[in-house]
Amino acid sequence: MPPVPALPLPRPRVPSAARLVAAATTLIVLAVCAPVTWNTLAEPVGRPSPVADLAATGLGGWYAIGTRAVLLAVALASVLAAGLLLARDPPPGLPHPGAVGSTAAGALLLSADLRGQPVDAVLGLAAVTLALAEMLPRTRPPEGLALGTAIALEPALALFAVLLVCRRDRRRALNALVLALALNTAAWAARPLETARGWRQLIDPLLAVGPDNQSAYGLLLRLGLRGPLLAAVCLAAAVLVGTLAIRRGLAYTADGQHLLATGVVGCAAVVVSPLTGPAAFGWLLAAAVGRLGRRPEDRALWPVVAVTVALLSSSMLDPQIEPVTTFLLRGAAPLTAAAAAALLSFRSTTDPLWTLHRTPAPTPHHPFGRRRLPLLPATLRPVSRPNLLMELLFIQVGYGIYTKIRNAAPNRIEAAVEHARDIYGVERFLRIDVERAVNGWVLHTRGMLDLSLQYYKTFHLIGPLAVLGWLYLRHPRRYRTSRTVLFTATGLALLGFWGYPLAPPRLTPGLGLRDSPFGGPDGSPLGALTALTNQFAAMPSLHCAWAFWCAAAVIAATRRRWVWAVAVVYPLLTLFVVVATANHWLLDAVGGVAVVLAGCLFQYVLTGRRMVDRSPVLAARVRAWSGRPRPGGHPTPTVGPGTSVDLNRARGPAPPAPSAEHVERRRDP
């Protein structure tokens, strides 16, 4: 009998790398969100929809175990569904869409938890997910059921029904509206008094203008509008923004950008809604996939702004400069949503600027001779002048995060005082304990004390901001390097505040050091001083660190000797002030210099560039890469495989590029 040939066995299906990344990311996000959401769930801060309130009442109330279990299940299901929806219909050019979707949903949930609104976050995230399931192609549930439930939770999402009507999908829109009306009618009939009380709160300025309401309606109330004028402005804004958003949503849908179209209409719903919580700004995350900007350096501006507004509290953006900036920045969320819905000109897929990519930056050399360094790829190491709005956003948000973390550091008074005595003992051993002599001399010179205190309060911010502005305008090639060093040094200082609490000299008992001539030494209550800011974050001294960074950045960017002299005087004067006012030890200044040097090392490993780099060849290559005229004409950024577009054709012929020696000679004014 002849042998039977072996049949080929089917090859096992191995998930692709994208699916593995999406699955792993989703599991991590769910594992983080589950305990945080369960431990923070409580009665909603804002006014929930009548349908959600009725459902919670049927389960025993907002504090009941059953209600919390259902809310947790809804939250985790929404996070999982967001990743699956994007994985089935990803936007153009988005890598790992499933991972991005679940991460964005989980981040939105956690950010609202941290802001004290977990229940509102669950309901808002559920509404966003249901609307996405209805509006994205190839993911539609039967006949508008998901959209109807979303409208029942958030009535302003009825704008999506108008979008469906404009798409000639009238049956689906009608079913959604009928279902939402039926659910709300049942909730109103079951709890008429509670529902009427909730709607009456909308016209109460004391309740509607509170910090929990981040809507455009609340913004107008803060402006002082009342009565018929308020109603007219709200109606006009709703009609204008809604109309423009519907038109743009139709255009983006025809262009194949379904997620952008949904995000734009969702942002219009945020503007229209009289009550808006943190989770409602998840529509900004959906609209963040839209492409803006003509330069590759500007391409990341809109996603960064959208993520910042959607995930951070408005108080994080507020520099507390009354009254105009506080009003505008605390109302940044609804204004950004309105701009995304009606004003921002997102690129279409047929636009030549759609595929404009950043040209790889030149690598001066490999740090320490290691071929795998620098760590950042070439496309993430630009040297041209960055977008000004993004830099201002980075600086403001970075300073806000720094302030929050510094003030949140635990006030370990006993450990801080013990560390202060250890520092003083080391200084005495090294014979550098000059704090008593300098502080005593300044206390007997009233004018010098007043000047020192004023310098300590103001110049630690004015100096770095002035140097950053000067570098941005006159030395953009140095700006990115110096800014990275500054941010890294500040982050390392925060680790020092948490890991090594240290009392300043004026709060160390037994030394007789103080910052005021009135009252006896050591008379300040240690615990009461931490009500506004953390007084035990002395190591390292950021006053000295920022001043030393200013001097290093100025010396690296210019060759003028008198400017060097002024730059060196600034950190020396800062060192004198912090010691004279008994706010820092001398070794705190050494710690400040150390974190700046560590920031320089981090920048060097990250990009391969130093703060001081005099190479003429590198200067010429960087000048050519950053968009300056070249011998062959203007730069032609790449648009697609084998194609390019000349963005400066209408500007006429370009002058010849200078030589490397000429660049180096004229680099500094």
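Just so you know, these numbers use all the heavy atoms, side chains as well, and skip hydrogens, waters and symmetry mates.
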Next item on the list: Mind checking salt bridge (Lys or Arg N to Asp or Glu O under 4.0 Å) for Asp450 and listing every partner two or more places apart, or none if nothing turns up?
Entry: Arg446

Notebook entry, point to check: When you look at CZ of Phe602, are more than 12 heavy atoms from neighbouring residues, nucleotides or ligands closer to it than 6.0 Å?
Noted result: no

Item checked: His366 side chain to Leu373 backbone, donor-acceptor under 3.5 Å -> yes

Item checked: Any Arg299 side-chain heavy atom under 4.5 Å of Leu292 side chain -> no

Notebook entry, point to check: Any sub-3.5 Å donor-acceptor pair from Trp441's side-chain atoms to Arg436's backbone N or O?
Noted result: no

Notebook entry, point to check: Does some side-chain heavy atom of Arg483 sit less than 4.5 Å from a side-chain heavy atom of Val485?
Noted result: no

Next item on the list: Output all residues satisfying side chain to side chain donor-acceptor pair (under 3.5 Å) with Thr488, sequence neighbours left out; order by chain, then residue number.
Entry: none

Check: Do Arg291's NZ or CZ and the ring of Trp354 fall within the cation-pi criteria of under 6.0 Å and 45°?
Finding: yes

Next item on the list: Could you tell me whether a side-chain N or O of His584 sits under 3.5 Å from a main-chain N or O of Val578, the two making a donor and an acceptor?
Entry: no

Margin query: Does any part of the side chain of Pro505, heavy atoms only, come nearer than 4.5 Å to the side chain of Trp585, both counted from C-beta?
Written below: yes

Check: If you look at every heavy atom in Leu468 and Trp549, which pair is closest and at what distance?
Finding: CD2-CH2, 3.6 Å

Next item on the list: Using a 4.5 Å cut-off on heavy atoms from C-beta on, say whether the side chain of Thr574 contacts that of Phe459.
Entry: no

Next item on the list: Kindly give the heavy-atom pair with the smallest separation between Ala104 and Leu285, and that separation in Å.
Entry: O-CD1, 3.9 Å

Item checked: pair Arg480-Gln603: side-chain heavy atoms closer than 4.5 Å -> no

